[in-house]
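Below: the structure, in structure tokens.
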Amino acid sequence: MFKEAVANSLDANANQIDINIFIDSFDKQETLRIEIIDNGEGFTDYRYNKFCELLKVEENTHQGVGRLVYLSYFNKVEVRSLYDGQLRTFTFNDSFDENNTDMSLSQVSDARQETKLVFTECSMQRLSSYSDIMPERLRQEILKEFYPRLYILKSKGNDFQIKIKIDVPHRGKITVGTFETTITSNDIPDMSTVKIGTETIDMFADSYMDYAIQETENFSATFLMTAFCVDNRTKVVDDIISLENLPSYGYNFVFLLRSSILNGKIDPSRQNLTLNDSVLKPLKILFRKKIAEIIENQLPSVKEKNNRTKESLDKTYPHLLGYFNKDEVGIISKAKSVEDAQKLFMRDQKTILETQSLDDEKYDKALDVSSRTLAQYILYREKIIAKVEQYTAADSEADLHNLILPKRSVLKDGNMDSIYTHNLWLLDNKYMTYTTAMSERTMTEVLDEITKKANDIEDDGRPDIAIIFSDNPDKAEDGSVDVVIIELKKRGITLAKTEEVESQLQQRAIKLLNYYPNKIQRMWFYGIVEFNDDFRLSLENREYTPLFSKDYLYYRENSWKKSLEDDTKYTVGTYILSIDAFIKDAKAHNEIFLNILKEGFKQKTD
């Protein structure tokens, strides 16, 4: 509504416009009253007749329906216009027509040129926000809408002033915002103009960009405007450049695209461009590219920041190397850069998956896409490792347990559907190809799963994690299996509690030995605990051997009987490793994979 009123004032060649807003309190929108006063040519017979004839315009830069916007917000608009010694008054409402009998025209001695519109009987249910009628907000909106026209006025040496004021007798506790502000020719910077080559879109189009990069004296928040000039007004296009890539304070950036391609390409509401995507998308790309070129030339610090952004994206998303648009990284938002690159990657994935046969080129592409998919998964692992690294004595055993394999869960067959359900790779990559993985299930359930039948043994002991591998998954009922048992202990517990891990592993081993070697052909036992010097001494006194690791890892082959009645002793290997070794070893293995993949992508994109 404000924009339409200002547009009409400017059409009438006004250079002084006052917008006075009255509201009793911000929660009483029914009391909203607005006065718009200008010194334009007024409602002469010609202009009044134009006002009466909706949809009738004399040039394609006007839609002819703007005044109807008034009635979307107010039921009544009173008009009082002085011009050439005459006074015209009338009321614009739902019953208005060109033969309006309420219109009055009389001779007056007042030589002023002034038109006043008074908007009353607000029809809005409620204000979406009190900031919608605050002067500073309206100032920004008017500037964005009319930059081209105001710039033309200034360039012709015509001074102007648009004053915006609000009167709120009962403000309550609301103190945010300025209650009076102005727009003058001083607010419109001198602008430079460059030609933009749009021949690939329209061979005969003339396209130019007017721009200004201005440092502000008060070091206020950076103002950015990117817009298309359509019919002497602007249509803001917000997805051209992101504020996050510019200095946060102290600058005004204005970029206006003028092109014959845009003539008349906006709907009657002036809200939506009517350009086809086949024209709009390449036009935005050319506009963005020219803006990036100018900003980087004038502000070297922005260029340096953009280079850091590119390096950050390559490091954080190596699987998307080669998919980032180098001309747009650091101009559009970082999130949008990633989103666009991801879409291109997914498009290539889809193409390869739908291909019936692979020629040499598509085969190479399939290898590349597969490598990137693997890299994406390795990056997921990196996030998991970072989370495990934060594990402290303040965290529970369950926190670590659930990261490896959620408590009480049972996973089958190691298929790709469960790849993000567990993190057994933290122990070793080979444990990803399990037949069954069980978390905190009873030994009875573990034995039933190994033998594929119910057993008479009742054992409510719960190993933290049990992993079962079949040597012949297609004949699991007849074949033998390998078994891995893992016991965990949290950080910060006593030596006595830490040493319980070996006893627990022994108890699990004895139960399993009853099925060795008929159903179980190999077994591995792991204890993951926090180490200190006392615990290391305890292990070495029990003849555990230290093995190579990023931290502490000890191994011992124990000779255990499976029952009192059977004197046969079986060799059972037991690994005791520190939580830090568990984390650091996993990290080292993951980094090897990631670095190999990164190097491969770099070679392809260089």
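The basis for the numbers below is simple: all heavy atoms, side chains too, and nothing from hydrogens, waters or symmetry mates. The first residue of the sequence shown is numbered 1, and numbering continues consecutively from there.
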Is there a side-chain contact between [X] and [Y] in this structure, where contact means two heavy atoms from C-beta onward sitting under 4.5 Å apart?
X    : Y    : value
E540 : Y554 : yes
F469 : Y431 : yes
L320 : F345 : yes
L411 : H422 : yes
T222 : N252 : no
Y544 : I576 : yes

Rounded to the nearest 0.5 Å, what's the gap from [atom1] on [X] to [atom2] on [Y]? Could you check?
X    : Y    : atom1 : atom2 : value
L344 : M346 : CG    : CE    : 11.0 Å
D585 : L577 : CG    : CG    : 7.5 Å
K452 : L447 : NZ    : CG    : 13.0 Å
K343 : Y323 : NZ    : OH    : 15.5 Å
I240 : K284 : CD1   : NZ    : 5.5 Å
L488 : I465 : CG    : CD1   : 5.5 Å

Restricting to non-hydrogen atoms, name the atom on [X] and the atom on [Y] that form the minimum distance, rounded to 0.1 Å.
X    : Y    : result
R381 : M432 : NH2-SD, 3.0 Å
P247 : V302 : CD-CG2, 4.0 Å
D399 : S396 : OD2-N, 2.9 Å
E296 : N306 : OE2-ND2, 3.1 Å
R491 : D580 : NH2-OD1, 2.8 Å
A509 : V572 : CB-CG1, 4.2 Å

With W524, the side chain to side chain contact (heavy atoms under 4.5 Å, CB included) member among D482, T574, I485: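 Result for side chain to side chain contact (heavy atoms under 4.5 Å, CB included) with W524: D482.
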
Option among V483, V501, L512 that satisfies the side chain to side chain contact (heavy atoms under 4.5 Å, CB included) test with F525: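 Result: among V483, V501, L512, L512 is the only option passing the side chain to side chain contact (heavy atoms under 4.5 Å, CB included) with F525.
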
Determine whether the side chains of [X] and [Y] contain a donor N or O and an acceptor N or O closer than 3.5 Å.
X    : Y    : value
T436 : E449 : yes
D459 : T444 : no
S312 : K334 : yes
E499 : S503 : no

Do the side chain of [X] and the main chain of [Y] share a donor and acceptor less than 3.5 angstrom apart?
X    : Y    : value
T226 : V237 : yes
D395 : T392 : yes
S409 : P406 : yes
E440 : D464 : no
R441 : R408 : yes
S538 : D534 : no
N590 : I378 : yes
N245 : I241 : no
D566 : S563 : no
E445 : T442 : yes

Worked check of side-chain contact (heavy atoms from CB on, under 4.5 Å) between Q349 and T373: CA-CA 9 Å; Q349 282 181 312; T373 303; 3.0 Å; yes

Give a yes or no on this: more than 12 heavy atoms of other residues, nucleotides or ligands lie within 6.0 Å of atom [atom1] of [X].
X    : atom1 : result
N541 : CG    : yes
F593 : CZ    : no
K303 : NZ    : no
K387 : NZ    : no
K550 : NZ    : no
K587 : NZ    : no

Full working for salt bridge (Lys or Arg N to Asp or Glu O under 4.0 Å) between E339 and K336: CA-CA 5 Å; E339 179 186 344; K336 187 71 167 58; 5.4 Å; no

E354 and K350: CA distance, side-chain angles, deciding distance, salt bridge (Lys or Arg N to Asp or Glu O under 4.0 Å) verdict: CA-CA 6 Å; E354 292 178 352; K350 183 173 182 291; 2.9 Å; yes

Residue of the set Y515, Y516, W560 for which ring-ring contact (aromatic ring centres under 6.0 Å, His included) holds with Y570: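 Among the candidates, only Y516 passes.
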
Are [X] and [Y], when compared by the centres of their aromatic rings, separated by less than 6.0 Å?
X    : Y    : answer
F535 : Y552 : no
H319 : Y377 : no
Y575 : Y555 : yes

Whether Y317 and F324 hold their rings parallel, tilted or perpendicular, with breakpoints at 30° and 60°: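 Perpendicular: the ring planes of Y317 and F324 meet at over 60°.
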
From CA spacing to verdict: side-chain contact (heavy atoms from CB on, under 4.5 Å), R462, M443: CA-CA 6 Å; R462 295 177 181 271; M443 280 302 295; over 6 Å; no

side-chain contact (heavy atoms from CB on, under 4.5 Å) evaluation trace for Y526 with F582: CA-CA 11 Å; Y526 289 87; F582 163 71; over 6 Å; no

Test side-chain contact (heavy atoms from CB on, under 4.5 Å) applied to V369 and R372, step by step: CA-CA 5 Å; V369 168; R372 291 176 186 274; 5.6 Å; no

side-chain hydrogen bond (donor to acceptor under 3.5 Å, both in side chains) partners of Q504, counting only residues at least two apart: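 Once residues adjacent in sequence are excluded, the partners of Q504 under the side-chain hydrogen bond (donor to acceptor under 3.5 Å, both in side chains) criterion are K489.
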
Y380: side-chain hydrogen bond (donor to acceptor under 3.5 Å, both in side chains) partners, not counting sequence neighbours: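 Here the qualifying residues are N423.
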
K561 bridged to D567 by N-O distance under 4.0 Å: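 So K561 pairs with D567 through a salt bridge.
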
Ion pair check, R508 and E487, cut-off under 4.0 Å: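 Yes, this pair counts.
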
